[in-house]
Amino acid sequence: MEAPAAPAEGGETTGLGDICAIDPTACPTINLEKEAAKDLKNETYAVQQIYALRYHRFEVNPYFGLTMNDQFVGHNGPGLAVNWYLTNVLAIGVNGNWYGALNTPSDFNFQTSRAARVGEPITEYQWNANANFTYVPAYGKFAGFSDFIFHYDFFVLGGVGAISTRPMAVVDPDNRTFDWKPKLSFHVGGGLRIFFNRWFAAMFEVSDYIFFDELENPSVDKNNPQDKSTWLAEGKSFTNNVQAQVGLSVFLPFSWEYRLPK
């Protein structure tokens with residue numbers, strides 16, 4: 001055990017004596033010269049402030065949706081989402097899609113119908129609207145274009161809404177015309193945002209709009225083909241309208257001020 005250092009001028013002690021004065025139990029167990037001779041392996045951890053704060057900001061998200069799972073008809077169209085972030089990771093919002101006159105039967109549908117000589121019941125969509133919750137479970141950054149740093153985040157969402165659809169007359173188009181009908185739908189999805197600055201980002205999302213649809217009756221009442229009660233098939237078809245949504249995200253206001261705890 002090393003003896004405490006002698007008092008310096010003015011009555012102050014130096015070296016080991018300082019530690020003994022603070023923690024007497026450590027005095028006989030620490031050899032300062034031995035400890036000082038050890039190699040140091042210091043690691044510094046830097047926690048960067050969040051690049052793009054979402055807390056109490058609006059996100060305006062125009063996009064274009066592309067059909068992913070319907071081989072017989074495409075339901076492509078523009079859409080718009082608006083979200084309000086209650087916290088930095090949780091938001092409430094709405095989104096809507098307009099399909100209008102953009103529904104297009106595919107070549108695959110034409111070839112299948114011609115080969116089998118049977119019309120495949122298909123439907124067209126008019127519009128879709130939903131109220132959603134959005135959650136951001138992860139965010140980070142990556143390097144690209146030499147030294148440019150891109151910031152990104154992942155998000156998932158779920159909601160409920162309505163979708164307006166009607167069957168497209170294929171079996172008996174000479175007599176059958178269908179009206180648009182709104183139906184209850186559920187919305188689940190997830191996606192990725194890549195930020196170019198603190199308020200502007202590119203967005204890619206995959207969404208599934210789930211609902212029960214009505215299809216055209218493949219049989220025709222030859223005695224009374226204009227009887228509307230015979231135009232629809234019995235029961236309803238469980239439908240997943242899966243679409244890829246590619247667009248932009250604009251966060252408002254454009255800037256904010258960090259308020260760190262004191």
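Worth saying up front: this structure is predicted, and the values here are computed from it rather than measured.
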Enquirer: Is any side-chain heavy atom of T123 less than 4.5 Å from a side-chain heavy atom of L215?
Expert: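 In short, these two side chains touch, coming nearer than 4.5 Å.
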Enquirer: Quick check on the hydrophobic clustering: are L66 and Y99 connected, directly or via other members, by side-chain heavy-atom contacts under 4.5 Å?
Expert: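 Different clusters.
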Enquirer: Does atom CZ (F178) have a neighbourhood of more than 12 heavy atoms from anything else shown, all under 6.0 Å?
Expert: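 Atom CZ in F178 is packed in, count exceeds 12.
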Enquirer: Describe, in one word, how the ring planes of F58 and W84 are oriented to each other, choosing from parallel (under 30°), tilted (30 to 60°) and perpendicular (over 60°).
Expert: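 Plane angle between 30° and 60°, so tilted.
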Enquirer: Students often mix this up, so state it plainly: with edges at 30° and 60°, are the rings of F196 and F150 parallel, tilted or perpendicular?
Expert: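 Ring orientation, 0 to 90° scale: perpendicular.
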Enquirer: Are N69 and N240 linked by a side-chain donor-acceptor pair shorter than 3.5 Å?
Expert: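 Result is no, nothing qualifies.
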Enquirer: Test of understanding: clusters of I, L, V, M, F, W, Y form through side-chain heavy atoms closer than 4.5 Å, transitively. Do V89 and L157 belong to the same one?
Expert: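 Looking at the clustering, L157 is in the same group as V89.
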Enquirer: Examine distances only and state if a side-chain atom of T239 and a backbone atom of S237 form a donor-acceptor pair shorter than 3.5 Å.
Expert: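 Answer holds: yes.
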Enquirer: Could you walk me through whether F254 and V250 satisfy the side-chain contact (heavy atoms from CB on, under 4.5 Å) test, starting with their C-alpha distance in whole Å, then the side-chain angles of each, then the deciding distance to 0.1 Å, before giving a yes or no?
Expert: CA-CA 8 Å; F254 295 131; V250 178; 4.0 Å; yes
Enquirer: Starting from the C-alpha separation in whole Å, work towards a yes-or-no answer on salt bridge (charged side-chain N to carboxylate O under 4.0 Å, His left out) for R54 and E59.
Expert: CA-CA 8 Å; R54 291 171 289 273; E59 178 193 13; over 6 Å; no
Enquirer: Answer with yes or no after comparing the ring centroid distance for F195 and F251 against a 6.0 Å cut-off, counting only values under it.
Expert: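 Aromatic pair counts; centres sit under 6.0 Å.
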Enquirer: Determine whether P62 and L80 make a side-chain contact, defined as any pair of heavy atoms from C-beta on separated by less than 4.5 Å.
Expert: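 Yes, at least one pair of side-chain atoms sits under 4.5 Å.
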Enquirer: Taking all heavy atoms of Y63 and all of N95, pick out the closest pair and write down the distance.
Expert: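 Answer, listing the atom of Y63 first, then N95: OH-ND2, 3.1 Å.
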Enquirer: Is any side-chain heavy atom of Y85 closer than 4.5 Å to a side-chain heavy atom of V136?
Expert: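 Y85 vs V136: side chains touch.
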Enquirer: Ion pair present between R193 and E205, side-chain N to carboxylate O less than 4.0 angstrom?
Expert: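 Salt bridge absent between R193 and E205.
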Enquirer: Is T67 reaching over with its side chain to a backbone N or O of H75, donor-acceptor style, under 3.5 angstrom?
Expert: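 Such a contact is found between T67 side chain and H75 backbone.
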Enquirer: Decide yes or no on ring pair (Phe, Tyr, Trp, His ring centres under 6.0 Å) for F204 and Y152, but give the supporting numbers first.
Expert: CA-CA 11 Å; F204 174 77; Y152 66 89; over 10 Å; no
Enquirer: Any sub-3.5 Å donor-acceptor pair from N128's side-chain atoms to Y209's backbone N or O?
Expert: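 Such a contact is absent between N128 side chain and Y209 backbone.
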Enquirer: Is there a donor-acceptor pair under 3.5 Å between the side chain of R176 and the backbone N or O of M168?
Expert: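 Answer holds: no.
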Enquirer: Going by heavy atoms in the side chains, are E124 and V73 under 4.5 Å from each other?
Expert: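 Result no, sub-4.5 Å side-chain heavy-atom pair not found.
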Enquirer: So, H187 and D208: side-chain donor and acceptor under 3.5 Å apart, yes or no?
Expert: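 No donor-acceptor contact under 3.5 Å links the two side chains.
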Enquirer: Donor-acceptor pair, distance only, cut-off 3.5 Å: does the side chain of K183 make one with the backbone of K181?
Expert: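 Looks like yes, one N/O pair under 3.5 Å.
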Enquirer: Considering non-hydrogen atoms only, spot the tightest contact between S185 and A162 and give its length.
Expert: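 Heavy-atom minimum between the residues: OG-N, 3.4 Å.
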Enquirer: Just by modelled atom types, is the N132 backbone N or O under 3.5 Å from a matching donor or acceptor in the N130 side chain?
Expert: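 No; judged by distance alone, with no hydrogens or angles, the pair does not exist.
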Enquirer: So do the side chains of N97 and Q243 get within less than 4.5 Å of each other, counting heavy atoms only?
Expert: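 Contact flag for N97/Q243 side chains = yes.
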Enquirer: When you look at V160 and L184, which way does the side-chain contact (heavy atoms from CB on, under 4.5 Å) test go after all the steps?
Expert: CA-CA 8 Å; V160 62; L184 177 68; 3.8 Å; yes
Enquirer: Do you know which two heavy atoms are closest between D172 and P225, and how far apart they sit?
Expert: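 Of all heavy-atom pairs spanning D172 and P225, the closest is OD2-CB, 3.9 Å.
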Enquirer: Determine whether V188 and V156 make a side-chain contact, defined as any pair of heavy atoms from C-beta on separated by less than 4.5 Å.
Expert: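 They are not in contact (no side-chain heavy atoms under 4.5 Å apart), so the answer is no.
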Enquirer: Minimum heavy-atom separation for W180 and S164, please, with both atom names.
Expert: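 Nearest pair, atom of W180 first, then S164: CB-OG, 3.6 Å.
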Enquirer: Check whether W199 and L252 end up in the same hydrophobic cluster, where Ile, Leu, Val, Met, Phe, Trp and Tyr are linked by side-chain heavy atoms less than 4.5 Å apart.
Expert: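 Shared cluster, yes.
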Enquirer: Does atom OH of Y55 have more than 12 heavy-atom neighbours from other groups under 6.0 Å away?
Expert: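 It does not: Y55 OH has 12 such atoms or fewer within range.
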Enquirer: Under a 4.5 Å cut-off applied to non-hydrogen side-chain atoms, are F64 and N76 in contact?
Expert: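 Yes. Closest side-chain heavy atoms under 4.5 Å.
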Enquirer: With distance as the sole criterion, is a donor-acceptor pair present between the side chains of D213 and T165 under 3.5 Å?
Expert: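 The answer is yes; a qualifying pair exists.
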Enquirer: Apply side-chain contact (heavy atoms from CB on, under 4.5 Å) to F200 and L248, showing your working.
Expert: CA-CA 7 Å; F200 184 70; L248 303 171; 3.9 Å; yes
Enquirer: Could you grab the distance from atom CZ of F186 to atom CD1 of I163, nearest 0.5 Å is fine?
Expert: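 That separation rounds to 13.0 Å.
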Enquirer: Would you say I210 ends up clustered with V206 if hydrophobic residues are merged whenever their side chains have heavy atoms under 4.5 Å apart, either directly or through other cluster members?
Expert: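 Cluster IDs for V206 and I210 differ.
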Enquirer: Consider only side-chain heavy atoms of I, L, V, M, F, W and Y, link residues closer than 4.5 Å, and tell whether Y139 and F155 are in one cluster.
Expert: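 Yes, one cluster joins them.
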Enquirer: Do the ring centers of F154 and Y135 come within less than 6.0 Å of each other?
Expert: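 Aromatic pair excluded; centres sit 6.0 Å or further apart.
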Enquirer: Return the minimal non-hydrogen interatomic distance between I92 and F133, and the atom names on each side.
Expert: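 Looking at all heavy atoms of both residues, the closest pair is CG2-CE2, 3.3 Å.
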Enquirer: Check whether the side chains of D221 and N224 place a donor and an acceptor atom closer than 3.5 Å, and report yes or no.
Expert: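 Judged by distance alone, the side chains do not pair up.
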Enquirer: Testing the basics here: between G247 and N61, what is the closest heavy-atom pair and its distance to 0.1 Å?
Expert: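 What the structure gives for the nearest pair is C-ND2, 4.4 Å.
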